[in-house]
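Below is one structure, written out as C-alpha cells; comments come after it.
Whatever order the structure lists them in is the order used to number ligands and atoms, beginning at 1.
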Amino acid sequence: DRHPDEQYEPDPNKKTLVILGTGWGSVALLKKLDTENYNVVVVSPRNYFLFTPLLPSCTTGTIEHRSIMEPVRAILRGKKAAAKFFEAEATSIDPERKVVRIADNSEIKGATSETEIPYDMLVVGVGAENATFGIPGVRENSCFLKEIGDAQQIRKKIMDCVETAAFKGQAPEEIDRLMHMVVVGGGPTGVEFAGELQDFFEEDIKKLVPDISPRFKVTLIEALPNVLPMFSKTLIDYTENTLREEKIDIKTKTVVKKVTDKTVEAEVSRPDGSKERVEIPYGLLVWATGNAVRPIVKDLAAKIPAQKDSRRGLAVNEYLVVQGTRDIWAIGDCAVAGYAPTAQVASQEGNFLGRLFNNMAKTENHEARIQELSSKLNLQTGNSAEAAQEIELLERQLKKIRDVKPFKYSHQGSLAYIGSEKAVADVSWWNGNLATGGSLTYLFWRSAYLSMCFSTRNRVLVILDWLKSKAFGRDVSRE
Ligand code: FAD
Ligand code: NAD
C-alpha cells in the first residue's frame, strides 16, 4: 500500500521553506526564488494570484474577472524544481514545534481536510482582511472589494438593484433607494470603484433603462476632510472636482456609525463644529475602509513575546524577519515594516526575500564545499594547490554573497483611476515628483497596469476586455 504522504516527500538534504499566501508578496518571492535550493511548499486558500489594481473594473464588467487571475500551478510549473501547492488555509502556526496547521475549507473536502506541515523556514504573506471597526451591520449588509468573489457579487447586485427598481409599479422613493449606490471609504479602493460605477451608468445603464436612469446616484462617504489622503493637495482637489463633475456626491467629514439592510446611519461634522446624525437609504453598499489584521496573524503575534505591542501586523526587522523569531519572515499587508499596505511594497518585499533566500542557499553550498576542500587539505589527499586555490575563490565569493543589504523600499509613485477616462498620478520623474491628472494620465494608468500584469496571457485578455466593452458596451446580464 502507498503511504498517504508518498506524494509529499521532502528531500531530507534540503530545508523546507513554507510560503503562506498567493498574493503580491508571496508570488513575487516565488518568481525570484531558485526552487531547487529548498523543499518549497506553498499554502493558500486561493489557487491563483489576483491582480488587485484592476479588480474595481471587474465590478461593472469592463474587465472579466478571469483576465486578472493567474493560476498558481501555472506559476509553479515554470520553476526549475517542483514546488508543492496545497489549497488550504493556515489555521495556526506553532513557532516552538515549527509546524503550520492547515485546513481545506473549500466546498469539496476529502477524508483528510486538516493536517500539519513542518517547516525550517516560514514566510507569512497572508495579506489582510477588511476593516469594519466593529460597526454594527457592516458584515451582514455590505459588499467588500478585495477578492474576485466580492467583485462578482457587486456586479450581480448592481444589476439586481436596477432591475428591481424597474419593476412594474415600484414606488418612486423605492426607485430612489434602489438606484442609490453608496460607497464608504474615500481611499483609492472607494474612489476607483465609484469612478467605475459612474462610467457604467453613463456608458451603459443610461441607454438600457432610460426611464429610471435619472434616479441613478453614486455617493462616496469619507470620514476625513478629503478623499485620497496619500495624494498631493493638487491631485486631491482635481479628484474631488472630477468626481463632482461626474455627479458623484462626495460626503466628507461623515463617519458611518451603523448599517441596516436599507440604510446607512452616519455622523456629519458641520463647519460650525456641530455634529448631525443622518440616515441615508441605499440599494447597494460597498464598504472600503481599509485593512484589518487576519486571525492567523493575531494568533502568531500572541505567541511571540516580542510582538506583544504590534497591533497592525507582524513587526519585522530590516531583513523582514519577524521580530522575536529566527526562521519566520513576513511580507506585504500582514507585515509592519514602516510602509503603506500596497502591492508595490508587497512585491518588492517578496522579491527581496527571493534574493535573500537564493543567497542563503548559495552561502550554505559554498560553506559546505569549503569544508569538504579543507578536510581534503588536512588529509593531504588530491591536489592541495588546486584545493587551496578553490577555497580562496569560494571565500571571495562568499564575502560578496554575505554582504546583503537590508530591504529598502523604492517608491515608484501612486496611481488611481477616477472615472470618465481620467486618472491621477503622483510619480517619481527624473529625481523629482510629477503630479498629474487627466486623460493622458489615464493612458499612462492603462499602460502602467498592463505592463504590470502577471503574464502575457493576462495582458492580452485585459486588452481584449477593454476593446470588447468599448465596442459592444458592458454585459449587463445578471448571472
Ligand atoms: P494579498 O495580495 O492580499 O494576498 C494574500 C494571500 O494570502 C491570498 O492569496 C490569500 O488567499 C492568502 N491567505 C489569506 N489567509 C490565509 C491563510 N490563513 N493561510 C494561507 N494563505 C492565506 N496596491 C497598489 O500598490 N496599487 C494598486 O493599484 C492597488 N489597487 C488595489 C485595488 C483593490 C481593489 C485592492 C483591494 C487593493 C489594491 N492595492 C493596490 C493593494 C494591494 O492589493 C495589497 O497591498 C496587496 O495585495 C498586498 O499583498 P499581500 O501579498 O500582502 O496580500
Ligand atoms: P484606505 O485605508 O486607503 O482608505 C479607507 C478610508 O476609509 C480612509 O480614508 C478612512 O478615513 C475611511 N473610513 C474609515 N472608516 C470610516 C467610516 N466609518 N466612515 C467613513 N469613512 C471611513 O483603504 P483602501 O482604499 O481600501 O486601500 C487599502 C490599501 O490598498 C491602501 O494602502 C491603498 O494605498 C492600497 N490601494 C491602492 C490603490 C492604488 O494605488 N490605486 C488602489 C486600492 C488600494
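- Close approach of ligand 2 to P341 (heavy-atom distance below 4.0 Å) involves ligand atoms 29 (C), 30 (O), 31 (C), 32 (O), 35 (C).
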ring-ring contact (aromatic ring centres under 6.0 Å, His included) for W329 and Y319? Distances and angles first, verdict last.
CA-CA 8 Å; W329 287 259; Y319 289 91; over 10 Å; no
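- Under 4.0 Å from ligand 2, the heavy atoms of E192 that appear belong solely to its side chain.
- By the criterion of a heavy-atom distance under 4.0 Å, neither the backbone nor the side chain of Y417 is placed next to ligand 2.
- Of the N or O atoms in E192, none lie within a sub-3.5 Å distance of an N or O in ligand 1.
- Taking each of G350, A346, A88 in turn, the one with a heavy atom nearest to atom 49 (O) of ligand 1 proves to be A346.
- The N/O atoms of K146, backbone and side chain alike, include none that comes under 3.5 Å of an N/O atom in ligand 1.
- When heavy-atom distances to ligand 1 are checked against a 4.0 Å cut-off, V27 has no atom that comes that close, whether in backbone or side chain.
- Protein heavy atom in closest approach to atom 51 (O) of ligand 1: G25 N, 2.8 Å.
- For ligand 2, the atoms lying closer than 4.0 Å to a non-hydrogen atom of V255 are 18 (N), 19 (N).
- Taking all heavy atoms of L55, L50, V126, V124 into account, the minimum distance to atom 5 (C) of ligand 1 is reached by V126.
- Looking at T436 and T441, their side chains do bring a donor and an acceptor atom within 3.5 Å of each other.
- Counting only heavy atoms of the protein, atom 17 (C) of ligand 1 lies nearest to A90 N, 3.6 Å.
- Ranking the protein heavy atoms by distance from atom 25 (O) of ligand 2 puts T189 N, 3.0 Å first.
- Under 4.0 angstrom from ligand 2, the non-hydrogen atoms of L415 all belong to its backbone.
- Of the protein's non-hydrogen atoms, the one nearest atom 29 (C) of ligand 1 is P53 CG, 4.0 Å.
- Checking only distances, W24 does come within under 3.5 Å of ligand 1, N or O to N or O.
- Side chains of S57 and E196: a donor-acceptor N/O pair is present below 3.5 angstrom, by distance only.
- Checking S310 against Q307 by side-chain atom types alone, a donor-acceptor pair falls below 3.5 Å.
- With 3.5 Å as the limit, one finds no donor-acceptor pair spanning the side chains of T239 and T242.
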So R270 and E276, salt bridge (charged side-chain N to carboxylate O under 4.0 Å, His left out) or not? Walk me through it.
CA-CA 7 Å; R270 298 287 173 214; E276 190 193 340; 2.4 Å; yes
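- Numbered from 1 in the order shown, with element, the atoms of ligand 2 that lie under 4.0 Å from a heavy atom of L224 read 11 (O).
- Side-chain atoms of Y339 and Q348 form no donor-acceptor pair, as typed in the model, at a separation below 3.5 Å.
- Remark: the backbone N or O of K109 is not paired with any side-chain donor or acceptor of S113 at under 3.5 angstrom.
- The residue from I93, I19, T59, L145 that puts a heavy atom closest to atom 36 (C) of ligand 1 is L145.
- For ligand 2, the atoms lying closer than 4.0 Å to a non-hydrogen atom of G187 are 3 (O), 4 (O), 6 (C), 25 (O).
- Without hydrogens or angle criteria, E64 side chain to R66 main chain gives no donor-acceptor distance under 3.5 Å.
- Looking at ligand 1, you'll find an N or O of A343 within less than 3.5 Å of one of its N or O atoms.
- One option in A448, A340, S414, G23 has a heavy atom closer to atom 4 (O) of ligand 1 than any other, and that option is G23.
- Judged by the shortest distance from any of its heavy atoms, A288 lies inside the 4.0 Å radius around the atoms of ligand 2.
- Counting only distance, with no hydrogens or angles, the side chain of T59 and the backbone of I154 share no donor-acceptor pair below 3.5 Å.
- Close approach of ligand 2 to V184 (heavy-atom distance below 4.0 Å) involves ligand atoms 19 (N), 20 (C).
- Residue contact check: Y449 has heavy atoms under 4.0 Å from atoms 41 (N) of ligand 2.
- Remark: ligand 1 and P341 share an N or O pair separated by less than 3.5 Å (distance only, no angle test).
- A distance-only check finds no donor-acceptor pair linking the side chain of D299 to the backbone of P295 [under 3.5 Å].
- Between the side chain of R478 and the main chain of K156, no donor-acceptor pair closer than 3.5 Å is present.
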Please test R46 against E147 for salt bridge (charged side-chain N to carboxylate O under 4.0 Å, His left out), starting from the C-alpha separation and ending with a verdict.
CA-CA 10 Å; R46 197 173 84 182; E147 297 291 341; 2.9 Å; yes
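- Not one N or O on the side chain of Y442 forms a donor-acceptor pair closer than 3.5 Å with the backbone of R446.
- Only the side chain of I296 comes within 4.0 Å of ligand 1, counting heavy atoms alone; its backbone N, CA, C and O stay farther away.
- For ligand 2 and T254, the ligand atoms under 4.0 Å from any heavy atom of the residue are 19 (N), 20 (C).
- At under 3.5 Å, not a single nitrogen or oxygen of S26, backbone or side chain, sits near a nitrogen or oxygen of ligand 1.
- Geometrically, ligand 2 and P188 share a nitrogen or oxygen pair separated by less than 3.5 Å.
- Judged by distance alone, the side chain of E349 and the main-chain N or O of G332 form a donor-acceptor pair under 3.5 Å.
- Under 4.0 Å from ligand 1, the heavy atoms of Y449 that appear belong solely to its side chain.
- Against a heavy-atom cut-off of under 4.0 Å, T342 is close to the following atoms of ligand 2: 32 (O), 34 (O).
- At under 3.5 Å, not a single nitrogen or oxygen of G332, backbone or side chain, sits near a nitrogen or oxygen of ligand 1.
- Around atom 6 (C) of ligand 1, the closest heavy atom drawn from G125, S44, G313 belongs to G125.
- Considering backbone and side-chain N/O of A416, none are found under 3.5 Å from N/O of ligand 2.
- Checked against a 3.5 angstrom limit, the closest N/O atoms of T52 and ligand 1 fall inside it.
- Atom CG in L356 sits 11.5 Å away from atom CG in N351 (nearest 0.5 Å).
- Among I418, T252, I248, the single residue meeting the side-chain contact (heavy atoms from CB on, under 4.5 Å) criterion with E240 is T252.
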